[in-house]
Amino acid sequence: MSYAVANLLLTIIDLYWWVLIISVILSWLAAFDVINMRSQAAQTIWRAIDALTEPALRPIRSIVPAFGGLDISPLILLLALQFLRDVISRTLVYG
């Protein structure tokens, strides 16, 4: 694998990791009514983040049930992204 391609993939994974973290934080802030979700700006940001994360989280949610109302699908996706990042990094070093 080319160094440039691997570096691009690692950057995309890192950016998506942060988008997922932002999604989790926004959901907490909305749940505790810290953010006014009736605001147009908040709704726009939420829709954008949701459009980026929901396609990856939906298959995980269909397999893993929520534990006592706690959705652990973002945690599973974060772990999968870290695993993928490690695989790409090791391929770069040893391949």
Side-chain angles (χ1 to χ4, degrees):
M1 182 181 302
S2 166
Y3 178 76
V5 172
N7 200 17
L8 177 66
L9 287 174
L10 291 174
T11 302
I12 290 170
I13 290 171
D14 287 343
L15 288 173
Y16 194 75
W17 193 87
W18 282 109
V19 167
L20 194 57
I21 293 292
I22 290 168
S23 170
V24 169
I25 292 171
L26 278 177
S27 72
W28 290 344
L29 292 175
F32 291 116
D33 208 22
V34 175
I35 294 179
N36 181 6
M37 289 307 290
R38 293 176 297 278
S39 163
Q40 184 65 30
Q43 286 180 4
T44 303
I45 293 170
W46 178 254
R47 275 188 250 126
I49 296 290
D50 193 51
L52 289 171
T53 58
E54 193 58 32
L57 291 173
R58 191 176 303 121
I60 298 170
R61 286 184 182 133
S62 69
I63 296 171
V64 178
F67 292 107
L70 183 64
D71 182 18
I72 63 167
S73 60
L75 178 63
I76 293 171
L77 184 56
L78 286 172
L79 291 172
L81 287 173
Q82 186 61 42
F83 176 76
L84 182 61
R85 192 179 197 301
D86 288 346
V87 168
I88 293 171
S89 295
R90 291 190 193 278
T91 302
L92 245 178
V93 171
Y94 299 116

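Computation of the quantities below employed the complete heavy-atom set of this structure, encompassing side-chain atoms and omitting hydrogens, waters and symmetry-equivalent molecules. Bear in mind the structure is a predicted one, so any value in this text is a computation, not a measurement.
- Other cluster members for Val87: Phe83, joined by side-chain heavy-atom distances under 4.5 Å among Ile, Leu, Val, Met, Phe, Trp and Tyr.
- Put simply, Val24 and Leu79 are part of two different groups of oily side chains (I, L, V, M, F, W, Y) that touch within less than 4.5 Å, one to the next.
- Ala56 approaches Ile60 most closely through the heavy-atom pair O-CD1, 3.7 Å.
- Residues Met37 and Ala30 come closest through the heavy atom pair CG-CB, 3.7 Å.
- Tyr16 and Thr53 make their closest contact through OH-CA, 3.3 Å (heavy atoms, listed as atom of the first residue, atom of the second, distance).
- Qualifying side chain to side chain donor-acceptor pair (under 3.5 Å) partners for Ser73, counting only residues two or more places apart in sequence or in other chains: Arg61, Asp71.
- Put simply, the side chain of Ile45 does not reach to within 4.5 Å of the side chain of Ile22, judged on heavy atoms.
- Partner Ser89 forms a side-chain contact (heavy atoms from CB on, under 4.5 Å) with one of Leu10, Ile13, Leu9 and no other, that one being Leu10.
- Cluster annotation: Leu8 is not connected to Ile88 through the hydrophobic network of ILVMFWY side chains, with a link wherever side-chain heavy atoms come within less than 4.5 Å.
- A 4.5 Å side-chain heavy-atom check between Ile63 and Ile76 finds every atom pair outside the cut-off.
- Around CZ of Arg47, the count of heavy atoms belonging to other residues, nucleotides or ligands within 6.0 Å exceeds 12.
- No continuous path of hydrophobic side-chain contacts links Leu15 to Leu57 [ILVMFWY only; heavy atoms under 4.5 Å].
- When every heavy atom of Pro74 is checked against every heavy atom of Leu20, the shortest pair comes out as O-CD2, 3.7 Å.
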